[in-house]
Amino acid sequence: MKTLKSLTLWGLASSVLAVAGVVCAADIRVGYTLDALTLDPGNHRKRETETILRNMYDGLLTRDSKMKAVSELAASWKQIDVTTYEFKLRPGVKFHSGDEMTSEDVKFTLDRMIQKNGIDGQTSPRGGLLGPLKEVQAVDKYTVRLVLSTPWAILPAMLPFQEIVSKAFVQKVGDKGLATQVNGTGPFKLVEWRKGDAIIMERFADYYGGSPAIPPVGPAKADRVIFKVIPENSSRVAALLAGDVEIAAELPVHMMKQVESGKNTKVVKVNGTRSFFVSLNNTKPPFNNPLVRRAANHALDKKLIIDRILQKTATPINGVLSPDTFGFDATLPAYEYDVAKAKKLLAEAGFPNGIDVTLDVEGAFAEMAQAIGSLLTKAGIRTKVVVGEGSVLKAKWDPKKPKVGDMWLTSWGNGSLDPEDIFAPTLATGDRGNSAGYSSAIVDGLLSAASTETNPAKRAEMFGRAQKQVNADAPWVFLWVPQDIYGVSKRLKGWQPSADSRINLHRAYIE
């Protein structure tokens, strides 16, 4: 845990170094929750790691403020046929080493992610983000073709997750070297990685400028960016209030007033992309009965929890998707808070005296789980909340293992804002995120058909039907999509948070 004293001393040391000309006055410091797992863009599956790397690496595509996929390293792209996409690269883009990026770098980057054992004898954990991509063709120096084994409409939406590495650099330093060194095409280059403490970057003077769809184009405005690892919430907020960081990520709702009352700080919010739900064990009593699952949904007063615990920083949902997602069905019936109806459904299911269940939860969400458990208990679903460690709970609720739990308060992110990115993994039979053990031939068929359908209207219609089926089956207690909340210095300009949780500091500066 970082103390306020140590953080203040760190800030004082920075000021002293600034006078000495070592640290520029234009530094932007981010109080961040987690260190990077690795500096290899192809060898992790952690959103926090990607956020850090995305300031030093660019991708073929990126996202604008409305979460639309737009050109970045690619000057343009087109779909040649249902399984082939062609990308024209920007000429003259330089890696931090000074070498020019070409189609060979793009091919090398994507090949090491889709090929079995392609990274130091291991298969990339990011391969699944490229779906049925089977071949990458370097047509000429500035032309790349991506060939799919089957049609996959969301390929452009998934490409902003992939950062391009230098083929020559990786061949020089090896996969192990890429885990600790950076040679990207992004607006900042690595200065130092102090593991467990900070990642320090400086402006890349020869940066090509970034996506024209997100002005202004040009080199970064800040001299340096420092991601300071401060896991503890109160220490992160204290650092912000003391002026030791300009951004405090993952601001807890109960600390918003503290930041808002600061003379030089403010709270900034953005709609998130992570759906929260209580996963119900559909494979054994009592939640193998849809009547009991519906009863659980009627037992929950979501508005009360959103208003009091989340302080109105979340949007209730009646299914799997965020309202901002493509194909979202706003007409889904809501499970209105109705204790009498919940008890009636329990009685119809054969439980007139109620049921006794446990609710698993990680410590960070214990308060939320206690509120949920209290409301369920009032409706006859007597709930014991059990707090566990994240990795243990994920193993317990692994879709490939026999299910022994009753309920699990969890969530799933959808950074692409496309239904396939969240719907299929969490609700398709046997898929990697289907912790509930839910299985529906109707939903499976619709998700399978939507995956290869390229007509947007037809895809939306299929996902709409799947949403209605899931709403009726109630494999989860449907909860909400929370906002991402940041504490920010009023001196910081040119930055707004992104719905996909990226902290892109290319255009940010200190006033």
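No experiment lies behind these values; they were computed from the predicted model shown.
Side-chain contact annotation: Thr185 with Asp58, donor-acceptor N/O pair under 3.5 Å absent. Between the side chains of Glu389 and Ser391, at least one donor-acceptor pair of N or O atoms lies under 3.5 Å. Between the side chains of Ser103 and Lys141, no donor-acceptor pair is found at a separation under 3.5 Å.
The closest side-chain heavy-atom distance from Ile247 to Trp495 is below 4.5 Å. In this structure, the side chains of Asp99 and Phe169 stay at 4.5 Å or more apart for every pair of heavy atoms. Within the 4.5 Å cutoff, the side chain of Asn233 has heavy atoms near those of the Arg236 side chain. In this structure, the side chains of Arg54 and Asn504 stay at 4.5 Å or more apart for every pair of heavy atoms. With contacts defined as side-chain heavy-atom distances shorter than 4.5 Å, the pair Glu48/Glu250 qualifies. Side-chain contact between Gln181 and Leu190 is absent, with no heavy atoms from C-beta onward closer than 4.5 Å. Looking only at side-chain heavy atoms (C-beta outward), Val237 and Leu251 come within less than 4.5 Å of each other. Arg90 places a side-chain heavy atom less than 4.5 Å from the side chain of Ser71.
Heavy-atom neighbours of Lys68 NZ from other residues, nucleotides or ligands within 6.0 Å: at or below the threshold of 12. Within a 6.0 Å sphere centred on NZ of Lys94, other residues, nucleotides and ligands contribute 12 heavy atoms or fewer.
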### Task
Show your reasoning for whether side-chain contact (heavy atoms from CB on, under 4.5 Å) applies to Gln496 and Val270.
CA-CA 9 Å; Gln496 288 292 326; Val270 66; over 6 Å; no
### CA sep, side-chain torsions, deciding dist, call: Gln311, Thr313, side-chain hydrogen bond (donor to acceptor under 3.5 Å, both in side chains)
CA-CA 6 Å; Gln311 296 185 26; Thr313 62; over 6 Å; no
### side-chain contact (heavy atoms from CB on, under 4.5 Å) evaluation trace for Lys134 with Thr83
CA-CA 10 Å; Lys134 71 171 183 178; Thr83 57; over 6 Å; no
### Task
Check the pair Thr273 / Arg47 against side-chain contact (heavy atoms from CB on, under 4.5 Å), numbers first and verdict last.
CA-CA 12 Å; Thr273 61; Arg47 192 179 280 199; 3.3 Å; yes
### Query
Going through the distances and angles, do Met113 and Leu110 end up as a side-chain contact (heavy atoms from CB on, under 4.5 Å)?
CA-CA 5 Å; Met113 281 190 273; Leu110 300 180; 3.9 Å; yes
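Not a single donor-acceptor pair under 3.5 Å links the side chain of Glu511 to the backbone N or O of Arg491. A donor-acceptor contact shorter than 3.5 Å links the side chain of Thr49 to the backbone of Leu37. A donor-acceptor contact shorter than 3.5 Å links the side chain of His96 to the backbone of Gly186. Proximity of a side-chain donor or acceptor of His506 to a complementary backbone N or O of Gly218 within less than 3.5 Å is detected. Counting only distance, with no hydrogens or angles, the side chain of Arg203 and the backbone of Lys221 share a donor-acceptor pair below 3.5 Å. In this structure, the side chain of Asp431 does not engage the main chain of Gly433 through any donor-acceptor pair within 3.5 Å. Between the side chain of Lys403 and the backbone N or O of Ala436, no donor-acceptor pair lies under 3.5 Å. Listed for the Ser416 side chain is no donor-acceptor partner under 3.5 Å among the backbone atoms of Met158. Of the possible polar contacts, one joining the Glu232 side chain to the Ser234 backbone as a donor-acceptor pair under 3.5 Å is found.
Classification of Arg145 and Glu86 as a salt-bridged pair holds, one side-chain N sitting under 4.0 Å from a carboxylate O. Asp105 and Lys167 are not joined by a salt bridge, as no carboxylate oxygen comes within less than 4.0 angstrom of a charged side-chain nitrogen. Ion pair Glu246/Arg29 flagged as a salt bridge, since at least one NZ, NE, NH1 or NH2 atom sits closer than 4.0 Å to an Asp/Glu carboxylate oxygen. A salt bridge links Arg112 with Asp175: at least one charged nitrogen is closer than 4.0 Å to a carboxylate oxygen.
Pairing each heavy atom of Gly196 with each of Asp35, the nearest pair is N-OD2, 2.5 Å. Smallest separation of non-hydrogen atoms from Tyr57 and Val165: CE2-CG1, 3.9 Å. The shortest non-hydrogen separation linking Ile199 to Ala36 is CD1-CB, 3.8 Å. Among all heavy-atom pairs drawn from Ser498 and Met67, the shortest one is OG-SD, 4.1 Å. Residue Leu310 comes nearest to Val253 through the heavy atom pair O-CG1, 3.6 Å, listed as atom of the first residue, atom of the second, then distance. Of all non-hydrogen atoms in Asn183 and Ser97, the two that sit nearest each other are OD1-N, 2.8 Å.
Between the OG1 atom in Thr426 and the CG atom in Asn434 there is a gap of 7.0 Å [rounded to 0.5 Å]. Note that CD1 of Ile119 is 4.0 Å distant from OG of Ser124, once rounded to the nearest 0.5 Å. Atom CG of residue Leu146 and atom NZ of residue Lys107 lie 10.5 Å apart, to the nearest 0.5 angstrom. Once rounded to the nearest 0.5 Å, the distance linking OG1 of Thr123 with CD1 of Ile114 reads 11.5 Å. To the nearest 0.5 angstrom, Met368 atom CE is 8.0 Å from Ile305 atom CD1. Note that CG of Asn414 is 12.5 Å distant from CZ of Phe326, once rounded to the nearest 0.5 Å.
Residues forming a salt bridge (Lys or Arg N to Asp or Glu O under 4.0 Å) with Glu260 (at least two apart in sequence, or on another chain): none.
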Pair up each side-chain donor or acceptor in residues 476-488 with any protein partner under 3.5 Å, not counting sequence neighbours, and list the distances.
unit_1	atom_1	unit_2	atom_2	d
Gln483	NE2	Asn271	OD1	3.4
Asp484	OD2	Ser501	OG	3.1

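The aromatic rings of Trp408 and Trp397 lie parallel to each other, their planes meeting at an angle below 30°, with 60° marking the opposite boundary. The aromatic rings of Tyr32 and Phe227 stand perpendicular to each other, their planes meeting at an angle above 60°, with 30° marking the opposite boundary.
Relative to the ring axis of Phe161, Arg63 places its NZ or CZ within 45° and under 6.0 Å from the centre.
Sorted by first and then second residue, the salt bridge (Lys or Arg N to Asp or Glu O under 4.0 Å) pairs involving residues 113-129 (not counting sequence neighbours) are Glu50-Arg126, Asp120-Lys176.
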